[in-house]
Asker: 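First the structure, then my questions, so here it is.
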Amino acid sequence: MGELSYVFGKEWIRTHRCGELNGRDTGAGVVLAGWVKKVRELGFLTFIDLWDRTGLVQIVVDEKQAELHRLFRSLRSEDVIACTGTVRKRPSDMINPDMKTGEIEVEVERAVVLNRSEVPPFTVTTDVQANEDLRLRYRYLDLRRDPLQRNLELRHNLAFSVRKFLFDEGYLEIETPMLVRRTPEGARDYLVPSRLQPGKFYALPQSPQLYKQTLMVAGFDRYFQIARCLRDEDLRSDRQPEHTQIDIEMSFITEEEIFDVTERLMRAIFQEIVGEELQLPFPRMTFPEAMGRFGTDKPDLRFGLEIRDCSKTFFDSEFRLFRSIVEADGTVRGILLEEGVAFSRRQIGELEEVVKAAGAGGLAAVKVEGGAISGPFSKYLSGEGTRELLSAFDVKDRGLLLLVGGEEPVVSKALGELRNYLGRRYRLEGGRRYNFLWVNRFPLFVQSDEGGWEPAHHIFSMPLEEDLGRVEEDPGSVRGYLYDLVCNGIELGSGSIRIHHRELQERIFSVIGIDKAQAERKFGFLLEAFQYGAPPHGGIALGLDRIAMIMGGGASIRDYIAFPKTQRATSLMEGAPSEVESGLLDELHIRVTKGKNKEG
RNA sequence: GGGGUCGUAGUUCAGUUUGGUUAGAACGCCGGCCUGUCACGCCGGAGGUCGCGAGUUCGAGUCUCGUCGGCCCCGCCA
């Protein structure tokens, strides 16, 4: 019975995994291996909770085996051991009903220490008590915890389920390059210097967009890929510099086919992974409708609190502030919160902070009770005006009207934020529900800061047929075959029908200020491909990390990625990014002009 | 680029408002006792660059300035 074994011997090959044992194994001789979670010494008797990915099992040694007992007493949390022993039923009053294997225990006969562990920097336990930076520094210990084990297992099952569904539907999984040509527009690129081509750079792909369209030209009419996408932008709890997309593209289809296959994919994976039966089809809403009713392009439909417009009430009211706003082509909109009728001044102040942070000038809160309004401007509204206001919000009897006036986009945004805040703050989301919807008909172009036009989504999306004529004259009014899949206020995916004719693609380029020469230089290969029999096509990309997060009920995608980055895009475990030896830089024809390069 | 918040034993925190004796608690760790524990129990012990650097002060965990780092958010993310 060795103290420590450097080389793992075949006599310790496991017969079972810890969490697999149960009463039916009683009497069986077993070989187990795993991590020591907890040592409980009781004088002449020592218990150990032995852990592996499948669960915990109690193993036990008493003093009759003196040497083995001494070994057991030397063990500490996170030591790795293997042992042989016999499964036995616990006495009935010793059964632990909180443990999957609580009916039995293993009486150990032989054991070996495979590795000792330092005292871990934090306790490796389900309800971890450590800050996230420490957990990230020792990610392998954090990942050893049950919640993260389950999250990565969920992610695995999810990816597997996606593949199974799409294989069955006849989609081909095709990989595309990681070293790609940089294309302008969109997010900041990660660049990779070329050694063989001095002064030139590859980019890491923000998405496989151009490649999947090229694959459509090549005739792979049903393509998918579980693809890594890299964007050098600032991070959030739902945004990492590298994330994984379920990237799908198909030919000879309309929007309807994409909606249909995506909905059935969602139904299949939610059924399989979380046992939830999604109702199909998902509701659909145009972009203007979403902005008008919910103040956002990704509304959370788990609760109501719709935004209503009450501008016309104030046209001929005595309430000067709102009157001047609507006379200046602004708008007055609001939300009815029935539960808010008893809100304190302080609670209302909290809500005002929310809308102000979103850019609104202020918040007018109007209490309604028994069909009468009270508050700052009750005296400015006539009986007719009051009735009009109440009917705009379908006020039953009582409630709190939260009104914001100003320019349309600011008002929408502020009320959208307020609506989400109310949903969170007053827990209106309900339990574990998944409210999907499609938001579509996004505008193709938005005004840029410099006054020109830029693509709202991406440059390859098809304009609506009826808007084609206005591409040059009135770009702002052109809608696209563009759609986002939204669940519980989170954007889970987005896609479009693509342009597949060179001429139309060039017209779109020219609206956003890319002339023919530039287009040729930047996207020449795609435009050229369009000239050799490009089929009509379109697709969608779904965020795998976010889907995993929403399925697992988590608050951050970091918990569903094995090795995530911090908010400043570093990895605390291995210390990336890092400086490199100057010789390497020479080879890459690169000179660093800022900061020092200490290594090398 | 900006706003907020946090940083004190190995860990999680208290102490900072109002500067003042030897910086505390729980868990963990170390030693001892204990035959049915499973949050084991009991007795004892060790453990601190109060993130880092300046400054103010007789005196700084506490006040000021700077800086580093984690998290949340705005901008950004076709």
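Chain letters run A, B, ... following the sequence lines, proteins first and then strands; every chain starts at 1.
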Asker: Provide the distance between the two P atoms, one in B:U5 and one in B:A14, to the nearest whole Å.
Answerer: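 These two P atoms come out 15 Å apart once rounded.
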
Asker: Roughly how many Å apart are B:G44 and B:C27, using the P atom of each and rounding to a whole number?
Answerer: 14 Å

Asker: On RNA chain B, does the nearest nucleotide to A:Arg188 precede the nearest nucleotide to A:Val39 from the 5' side, or the other way round? Give the residue.
Answerer: A:Val39

Asker: Compare the aromatic ring of A:Phe122 with the six-membered base ring of B:U11 and state whether they stack according to the 5.5 Å and 30° rule.
Answerer: no

Asker: Which residue lies toward the 5' end of RNA chain B, A:Val60 or A:Ser77, if each is placed at its nearest nucleotide?
Answerer: A:Ser77

Asker: If you take all heavy atoms of A:Leu148 and A:Arg139, which pair is closest and at what distance?
Answerer: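 So the minimum-distance heavy-atom pair works out to CD1-NH1, 3.8 Å.
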
Asker: Let me have a per-nucleotide readout for nucleotides 42-47 of chain B, 5' to 3', with B, S or -, counting only protein heavy atoms under 4.0 Å.
Answerer: ------

Asker: Is a donor-acceptor contact shorter than 3.5 angstrom present between the side chain of A:Arg568 and the base of B:C71?
Answerer: no

Asker: Need one value for A:Glu41: base, sugar-phosphate or nothing, where a base atom within 4.0 Å counts as base even if backbone is also close, heavy atoms only.
Answerer: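 Base contact - A:Glu41 has a heavy atom under 4.0 Å of at least one base atom.
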
Asker: B:C73, OP1 or OP2 - any side-chain N/O from A:Ser237 closer than 4.0 Å?
Answerer: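 Answer is yes, contact under 4.0 Å.
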
Asker: Looking across every strand, which nucleic acid part, if any, lies under 4.0 Å from A:Gln209 by heavy atom: base, sugar-phosphate, or nothing?
Answerer: base

Asker: Decide yes or no, distance alone: a donor-acceptor N/O pair under 3.5 angstrom between the base of B:G36 and the side-chain of A:Asp93.
Answerer: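 Side chain to base: no pair below 3.5 Å.
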
Asker: With a 4.0 Å cutoff (strictly under), does any side-chain N or O of A:Arg236 reach OP1 or OP2 of B:C74?
Answerer: yes

Asker: With side chain to side chain donor-acceptor pair (under 3.5 Å) as the test, pick out the partner of A:Gln213 among A:His537, A:His500, A:Glu249.
Answerer: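 Result: among A:His537, A:His500, A:Glu249, A:His537 is the only option passing the side chain to side chain donor-acceptor pair (under 3.5 Å) with A:Gln213.
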
Asker: So A:Arg546, base contact, sugar-phosphate only, or nothing? Heavy-atom distance under 4.0 Å.
Answerer: nothing

Asker: Counting the atoms with a prime plus P, OP1 and OP2 as sugar-phosphate, which does A:Arg76 contact under 4.0 Å by heavy atoms, base, sugar-phosphate, or nothing?
Answerer: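 It contacts sugar-phosphate atoms only.
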
Asker: Provide the distance between the two C1' atoms, one in B:C6 and one in B:G75, to the nearest whole Å.
Answerer: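 B:C6 and B:G75 have their C1' atoms separated by 23 Å.
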
Asker: With a 4.0 Å cutoff (strictly under), does any side-chain N or O of A:Gln58 reach OP1 or OP2 of B:U37?
Answerer: no

Asker: Across the strands shown, which category fits A:Lys37 at heavy-atom distances under 4.0 angstrom: base, sugar-phosphate, nothing?
Answerer: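 Touches nothing.
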
Asker: Looking only at heavy atoms, what is the nearest atom pair of A:Ser578 and A:Gly575, with distance?
Answerer: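 So the two residues come closest at CB-O, 3.7 Å.
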
Asker: Answer with base, sugar-phosphate or nothing: what part of the nucleic acid does A:Arg137 contact at a heavy-atom distance below 4.0 Å?
Answerer: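 The residue A:Arg137 makes no contact with any strand.
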
Asker: Over all strands shown, is A:Ala357 touching base, sugar-phosphate only, or nothing at heavy-atom distances under 4.0 angstrom?
Answerer: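 Contact class for A:Ala357: none.
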
Asker: Whether A:Thr123 contacts B:U11 is assessed here as follows: a side-chain N or O lying under 4.0 Å from the phosphate OP1 or OP2. Is that the case?
Answerer: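 It does not, given that no N or O in the side chain of A:Thr123 lies less than 4.0 Å from OP1 or OP2 of B:U11.
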
Asker: Determine the sole option in A:Lys38, A:Arg116, A:Arg144 for which the salt bridge (Lys or Arg N to Asp or Glu O under 4.0 Å) test with A:Glu78 is passed.
Answerer: A:Arg144

Asker: Just to be sure I understand the rule, does A:Glu105 reach a base, reach only the sugar-phosphate, or reach nothing, if contact means heavy atoms closer than 4.0 Å?
Answerer: base

Asker: Let me know the distance between CG of A:Asn420 and P of B:C74, rounded to the nearest Å.
Answerer: 11 Å

Asker: So what does A:Leu134 hit on the nucleic acid, given a heavy-atom distance under 4.0 Å: a base, only sugar-phosphate, or nothing?
Answerer: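 Sugar-phosphate: the residue A:Leu134, judged by heavy atoms under 4.0 Å, touches backbone atoms but no base.
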
Asker: Between A:Leu572 and A:Arg135, does the side-chain contact (heavy atoms from CB on, under 4.5 Å) criterion hold? Intermediate values first, please.
Answerer: CA-CA 9 Å; A:Leu572 297 179; A:Arg135 292 166 48 201; over 6 Å; no

Asker: Side chains of A:Glu350 and A:Tyr421: is there a donor and an acceptor less than 3.5 Å apart?
Answerer: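 Result is yes, a qualifying pair exists.
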
Asker: Can you tell me, in whole Å, how much space there is between the C1' of B:C34 and that of B:U22?
Answerer: 35 Å

Asker: Indicate yes or no for a side-chain donor-acceptor contact from A:Asp52 to the backbone of A:Cys18 under 3.5 Å, with no hydrogens or angles considered.
Answerer: yes

Asker: Taking only the side-chain nitrogens and oxygens of A:Arg40, find out if one of them lies under 4.0 Å from OP1 or OP2 of B:C40.
Answerer: yes

Asker: Are the charged groups of A:Glu255 and A:Arg441 less than 4.0 angstrom apart, N to O?
Answerer: yes

Asker: Say you pick atom P in B:C74 and the same atom in B:G15; how far apart are they, in whole Å?
Answerer: 31 Å

Asker: Will you find, in the side chains of A:Glu506 and A:Ser510, an N or O donor that is under 3.5 Å from an N or O acceptor?
Answerer: no

Asker: Using whole Å, what does the distance between atom P of nucleotide B:G36 and atom CD1 of A:Ile59 come to?
Answerer: 19 Å

Asker: What is the distance, rounded to the nearest whole Å, between atom CG of A:Asp133 and atom P of B:G70?
Answerer: 8 Å

Asker: Quick one: is A:Lys100 getting a side-chain N or O under 4.0 Å of the B:C38 phosphate, OP1 or OP2?
Answerer: no

Asker: Write down the distance separating the C1' atoms in B:G45 and B:G28, rounded off to the nearest Å.
Answerer: 14 Å

Asker: Any side-chain N or O of A:Thr125 less than 4.0 Å from the OP1 or OP2 oxygen of B:C27?
Answerer: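 Negative; the distance criterion is not met.
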
Asker: Kindly say if A:Arg73 contacts the phosphate of B:C30, meaning a side-chain N or O under 4.0 Å from OP1 or OP2.
Answerer: no

Asker: Are A:Asn131 and B:C6 close enough that a side-chain N or O sits under 4.0 Å from OP1 or OP2?
Answerer: no

Asker: Does a nitrogen or oxygen in the side chain of A:Lys413 sit under 4.0 Å from OP1 or OP2 of B:C74?
Answerer: no

Asker: For atom P, what is the distance between B:U11 and B:G19, given to the nearest Å?
Answerer: 30 Å

Asker: Does A:Lys89 put a side-chain nitrogen or oxygen below 4.0 Å from OP1 or OP2 of B:G36?
Answerer: no

Asker: Check the orientation of A:Phe523 and A:Phe460. Use parallel for under 30°, tilted for 30 to 60°, and perpendicular for over 60°.
Answerer: perpendicular

Asker: Output, in order, the C-alpha distance, side-chain angles, deciding distance and verdict of side-chain hydrogen bond (donor to acceptor under 3.5 Å, both in side chains) for A:His243 and A:Gln245.
Answerer: CA-CA 7 Å; A:His243 75 282; A:Gln245 286 186 345; 3.3 Å; yes

Asker: Between the base of B:C38 and the side chain of A:Asn96, is there any donor-acceptor pair under 3.5 Å?
Answerer: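 Looking at the base of B:C38, it does pair with a donor or acceptor on the side chain of A:Asn96 (distance under 3.5 Å).
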
Asker: Roughly, in whole Å, what's the span from CD in A:Glu353 to C1' in B:C72?
Answerer: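 Going from CD in A:Glu353 over to C1' in B:C72 covers 17 Å.
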
Asker: Which value, in whole Å, describes the distance between the P atoms of nucleotides B:C63 and B:U17?
Answerer: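 To the nearest whole Å, 5 Å.
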
Asker: Considering only heavy atoms and no angle criterion, is a donor-acceptor pair shorter than 3.5 Å present between the side chain of A:Arg90 and the base of B:U37?
Answerer: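 Checked by distance alone, the answer is yes.
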
